[in-house]
Participant: 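Below you'll find the structure I mean.
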Amino acid sequence: MNIIDYSTRLPAVRHGREGGEQRMDGLLDTLKQCVERLDRYGSLGRRVGEQNTKAGLIEPVLAALGWDVLEPDEVHREYRRRTTDNPVDYALILMRMPRLFIEAKAVGENLDDPRWANQTISYAAVAGVEWVALTNGAEWRVYNAHAPVPVEHKLFRTVRIADDVDAAHELLSLLSKDNMRDNRIQELWRSFFVDREVNLALNDLFASGEPPRELIALLAKRVPKLPHGDLRASLQRVRATFDFPRAGVAPAMPAPPVAPVPAPRPAELSSAESSIPKSRASGQPPLTRSRKIAVSEDERHVGFEEMMAAGRVIPGATLHGDYMGQRHTATVLTSGQIRYQEKVYPSLSAAGRAVKLHVRGRNTPESTLSTDGWDFWRTTDPVCGDEVSLKTLRRRVVHAQRDR
C-alpha cells in the first residue's frame, strides 16, 4: 500500500493545549472534506474499495486526530499480536501499547453484519485493548470491548459523517491522541453505561403487561388512598419515557424564541390533556417523564406525505431519535420512506422500532419495540427553525391550514 503524505493537506499541529485546539479545528475541516469526497465517490458509479477508503476517508481523520500515520510505532497497519493471528487494519499505539483497534471496510459496506464488530471486539478482549472502532469511512461505530455486557450492548456511539458533521466531530474527538492518552472516553463511557443500565431497568418496569408488585407496593405507600387494583390499571395504561443526557454532551441551551403555536380548540382537548395536574402548568416536573401529546382528529388525517407536500419536512432532512443515552439519525427520502443505517423503512414507526432493535437486541419484547414514530423522531422545523418532534410539527401544519 502506498503511504500518503498528509502534511500538505492538514494545518500544522503544535503541541500543548493550543496545539490540541488547532488539531480539533483541523478535524472539523477534514470531516467536511470527507463529506465532499463521499459525494464524489457516490458519483463514480463503481465500487471504491477498501484501500481507497482507507487512504481517502480514514487515514486523513487519524492524522487530524493527532496520530502520526507515517510512524508505525504509533499507527500500526495490519497489526498482529502474534504472527499467527489475523490482522487488525489499524492499531493506535501509546507508550508501546495498543490503545485502539480500527477495523476498516470499503465505503458502502454494510456495517450491520455482526461478523465485522464481533471478530475485532473478541480479538481486542484477548489483546487487552479496551476500545474498538468499526468504520467504512462514511460511518463510525465505537465499542468498549471490555464492557461486561453482550456484544450488541458494547456499542458506545454511532455517527454518519454526512448526516451530522458536528456529531461526528464530537465522537471522533474522543479518539484523538491527546484524549486517548488522558482516557477521556472512559469517563464518558462510565456515565453512558450506568445511565443505559438504569434506563433498561426503568423501561422494564413499565414494558410488561402486568406491573411489578414492588412498583405497585411503592405507589401504594405514596398514594395510600387508591386501591391496588386502580394502581395496577393505571400502570398498565401509562406510557413512560426516561430522558437521559448523552454522555459527554452539555445540557441543551434554551431554544431561541419562535412564533407561538395557536392553542388547540377546547373541543380538541382530550380527557388526558384536560386533566393535566396544575403542578405541571406551574413549571413543576411531572411525576412521569412521558411527553405524550394528545392528537386531534384533524391531525390524525395528516400523513407524512402531506407534511412533505406542505414543505414542513424536506426530502433529505435529518431525523434525530434519542434512545437509551444515544442519539440516532435517519434520513427522509424523496419517496417519504426513512433510511436508518443503510436500510429503508416504510414509516417513522418502523424506523423507530429498528433503532430499539439495534440498541436492545432481538430478544426485546414486542411491547418495548412498539414505537410511535411521530413521538420518537425529531427534526428541524424549516419555518420556525427549532427542533421539535414530528408530532408537534404535524400540529403546526394543521393549525397553519386552519389559519388560511
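The first residue of the sequence shown is numbered 1, and numbering continues consecutively from there. Quick note: numbers below take in every heavy atom, side chains included, and nothing from hydrogens, waters or symmetry partners. All of these numbers come straight from a predicted model, not from anything done at the bench.
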Participant: I'd like to know if the side chain of Asp163 reaches the main chain of Thr329, judged simply by a donor and an acceptor atom lying under 3.5 Å from each other, with no hydrogens or angles considered.
Facilitator: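 Flag not set: sc Asp163 to bb Thr329 has no pair under 3.5 Å.
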Participant: Could you tell me whether the side chain of Gln186 reaches within less than 4.5 Å of the side chain of Asn144, counting heavy atoms only?
Facilitator: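 The answer is yes, as the side chains (C-beta and beyond) meet within the 4.5 Å cut-off.
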Participant: Checking Asp85 side chain against Arg82 main chain: does a donor-acceptor pair fall under 3.5 Å?
Facilitator: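 It does hold such a pair.
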Participant: Given side chains that start at C-beta, do those of Ile58 and Trp140 come closer than 4.5 Å, heavy atoms only?
Facilitator: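 They are in side-chain contact.
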Participant: Using side-chain heavy atoms (C-beta onward) and a distance below 4.5 Å, is Asp112 in contact with Lys343?
Facilitator: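 Yes - at least one pair of side-chain heavy atoms lies under 4.5 Å apart.
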Participant: Do Arg184 and Leu174 come close enough that some side-chain heavy atom pair is under 4.5 Å?
Facilitator: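 Yes, at least one pair of side-chain atoms sits under 4.5 Å.
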Participant: Parallel under 30°, tilted from 30 to 60°, perpendicular over 60°: which one fits the rings of His358 and His328?
Facilitator: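 Taking His328 first and then His358, their aromatic rings stand perpendicular (interplane angle over 60°).
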Participant: Would you find a donor on one side and an acceptor on the other, under 3.5 Å apart, between the side chain of Asn136 and the backbone of Glu139?
Facilitator: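 Yes; judged by distance alone, with no hydrogens or angles, the pair exists.
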Participant: Is Arg99 close to Asn183 at the side-chain level, that is, under 4.5 Å between some pair of heavy atoms?
Facilitator: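 A side-chain contact under 4.5 Å exists here.
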Participant: Between the side chains of Arg160 and Glu342, is the shortest nitrogen-to-carboxylate-oxygen separation below 4.0 Å, so that they form an ion pair?
Facilitator: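 Yes, Glu342 and Arg160 are salt-bridged.
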Participant: What do the steps show when you test Met180 against Leu65 for side-chain contact (heavy atoms from CB on, under 4.5 Å), and what is the final call?
Facilitator: CA-CA 10 Å; Met180 291 299 292; Leu65 290 170; over 6 Å; no
Participant: To the nearest 0.5 Å, what is the distance between CD (Glu130) and CD1 (Ile185)?
Facilitator: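 Rounded to the nearest 0.5 Å, the CD-CD1 separation comes out at 8.5 Å.
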Participant: Within the distance-only criterion (no hydrogens, no angle test), does the side chain of Lys154 pair as donor or acceptor with the backbone N or O of Tyr143 below 3.5 angstrom?
Facilitator: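 No, because the side chain of Lys154 does not come within donor-acceptor range (under 3.5 Å) of the backbone of Tyr143.
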Participant: How close do Gly303 and Glu306 get, counting heavy atoms only, and between which atoms?
Facilitator: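 Of all heavy-atom pairs spanning Gly303 and Glu306, the closest is N-OE1, 2.9 Å.
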Participant: Tell me whether Glu103 is salt-bridged to Lys105, with the criterion being a basic N under 4.0 Å from an acidic carboxylate O.
Facilitator: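 Here Glu103 pairs with Lys105 in a salt bridge, since their nearest N and O are under 4.0 Å apart.
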Participant: Please assess Glu36 against Lys32 for the test salt bridge (charged side-chain N to carboxylate O under 4.0 Å, His left out), listing each intermediate value before the final yes or no.
Facilitator: CA-CA 6 Å; Glu36 296 173 357; Lys32 292 176 180 178; over 6 Å; no
Participant: So how far is it from Ile102 CD1 to Arg77 CZ, rounded to the nearest 0.5 Å?
Facilitator: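 CZ of Arg77 is found 11.0 Å from CD1 of Ile102.
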Participant: Return yes if some donor-acceptor pair links the side-chain N/O of Trp131 with the main-chain N/O of Leu175 below 3.5 Å, else return no.
Facilitator: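 Not at all, since once roles are kept as given, no pair shorter than 3.5 Å links the two residues.
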Participant: Treating Thr380 as the side-chain partner and Pro382 as the backbone partner, does any N or O pair qualify as donor plus acceptor under 3.5 Å?
Facilitator: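 The answer is no, because no donor-acceptor pair under 3.5 Å joins these two groups.
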Participant: Are any of the side-chain nitrogens in Arg312 or Asp381 under 4.0 Å away from the carboxylate oxygens of its partner?
Facilitator: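 Counted as a salt bridge, because a side-chain N and a carboxylate O are separated by less than 4.0 Å.
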Participant: Please give me the minimum heavy-atom distance between Tyr79 and Pro98, naming the atom from each residue.
Facilitator: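 Taking Tyr79 first and Pro98 second, the nearest heavy atoms are OH-CG, 3.7 Å.
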Participant: Would you name the heavy atoms of Pro87 and Glu78 that are closest together and state the gap between them?
Facilitator: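 Answer, listing the atom of Pro87 first, then Glu78: CG-OE1, 3.3 Å.
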Participant: Does Asp230 use its side chain to pair, donor to acceptor, with the backbone of Leu226 at less than 3.5 Å?
Facilitator: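 No, the answer is negative, given that no donor and acceptor are paired below the 3.5 Å cut-off.
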Participant: How about CG on Asn86, more than 12 heavy atoms from neighbouring residues, nucleotides or ligands closer than 6.0 Å, or not?
Facilitator: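 At most 12 heavy atoms, drawn from other residues, nucleotides or ligands, come within 6.0 Å of this atom.
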Participant: Got a second to check how far Tyr90's OH is from Lys54's NZ, nearest 0.5 Å?
Facilitator: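 The distance works out to 5.0 Å.
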Participant: In Å and rounded to the nearest 0.5 Å, what is the CD1 to CG distance from Ile216 to Leu219?
Facilitator: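 These two atoms lie 8.0 Å from each other.
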Participant: Output, in order, the C-alpha distance, side-chain angles, deciding distance and verdict of salt bridge (charged side-chain N to carboxylate O under 4.0 Å, His left out) for Glu74 and Arg181.
Facilitator: CA-CA 12 Å; Glu74 194 165 299; Arg181 182 187 292 114; over 6 Å; no
Participant: Supply the atom-to-atom distance Thr368 OG1 to Arg360 CZ, rounded to the nearest 0.5 angstrom.
Facilitator: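 It is 5.0 Å, given to the nearest 0.5 Å.
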Participant: What's the shortest heavy-atom distance between Cys34 and Gly56, and which atoms?
Facilitator: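 Distance-wise, the nearest heavy atoms are SG-O, 4.4 Å.
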Participant: Quick one: does any side-chain atom of Ser122 pair with a main-chain N or O of Gln119 as donor and acceptor, under 3.5 Å?
Facilitator: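 Not a single qualifying donor-acceptor pair exists.
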Participant: Given 3.5 Å as the limit, does a donor-acceptor pair link the side chain of Thr53 with the main chain of Val107, or not?
Facilitator: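 The answer is yes, because a donor-acceptor pair under 3.5 Å joins these two groups.
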Participant: Could you check whether any side-chain heavy atom of Asp73 comes within less than 4.5 Å of a side-chain heavy atom of Ile93, counting everything from C-beta outward?
Facilitator: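 No, too far: nothing below the 4.5 Å cut-off.
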Participant: Report yes if the side chains of Phe304 and Val332 come closer than 4.5 Å at any heavy-atom pair, otherwise no.
Facilitator: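 Yes - at least one pair of side-chain heavy atoms lies under 4.5 Å apart.
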Participant: Do Thr371 and Val355 pass the side-chain contact (heavy atoms from CB on, under 4.5 Å) test, and can you show the C-alpha distance, the side-chain angles, and the key distance before you say yes or no?
Facilitator: CA-CA 10 Å; Thr371 304; Val355 170; over 6 Å; no
Participant: Could you pull out the closest heavy-atom pair between Gly336 and Met308, with the gap in Å?
Facilitator: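 So the two residues come closest at CA-SD, 3.6 Å.
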Participant: To check you understand the geometry: which heavy-atom pair defines the closest contact between Val159 and Ala168, and what is its length?
Facilitator: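 Heavy atoms of Val159 and Ala168 come nearest at CG2-CA, 3.9 Å.
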Participant: Look at the rings of Tyr323 and Phe376 and say which category their plane angle falls in: under 30° parallel, 30 to 60° tilted, over 60° perpendicular.
Facilitator: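 Judged by the thresholds at 30° and 60°, the geometry between Tyr323 and Phe376 is tilted.
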Participant: Walk me through it: do Arg141 and Gln341 pass the test side-chain contact (heavy atoms from CB on, under 4.5 Å)?
Facilitator: CA-CA 11 Å; Arg141 301 183 182 185; Gln341 290 196 340; 3.6 Å; yes
Participant: Just wondering, more than 12 heavy atoms not from Arg222 lying within 6.0 Å of its CZ?
Facilitator: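 No.
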Participant: What distance separates Leu134 CG from Ile121 CD1, expressed to the nearest 0.5 Å?
Facilitator: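 Here the interatomic distance stands at 8.5 Å.
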Participant: Would the distance check show the side chain of Tyr123 and the main-chain N or O of Arg81 forming a donor-acceptor pair, the cut-off being under 3.5 Å?
Facilitator: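 It does hold such a pair.
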Participant: For a side-chain contact (heavy atoms from CB on, under 4.5 Å) check, start with the C-alpha distance between Leu348 and Ile338, then their side-chain angles and the critical distance, and finish with the verdict.
Facilitator: CA-CA 7 Å; Leu348 295 167; Ile338 310 300; 3.9 Å; yes
Participant: Assess the residue pair Lys177 and Glu71 against the criterion (salt bridge (charged side-chain N to carboxylate O under 4.0 Å, His left out)); give the C-alpha distance rounded to whole Å, side-chain angles, the decisive distance to 0.1 Å, and a yes or no.
Facilitator: CA-CA 13 Å; Lys177 183 177 178 181; Glu71 177 52 65; over 6 Å; no
Participant: Would you call Asp372-Lys391 a salt bridge at under 4.0 Å N-O?
Facilitator: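 A salt bridge is present here (some side-chain N lies under 4.0 Å from a carboxylate O).
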Participant: Do Thr318 and Asp164 come within less than 4.5 Å of each other through their side chains, counting heavy atoms only?
Facilitator: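 The answer is no, as the side chains (C-beta and beyond) never meet within the 4.5 Å cut-off.
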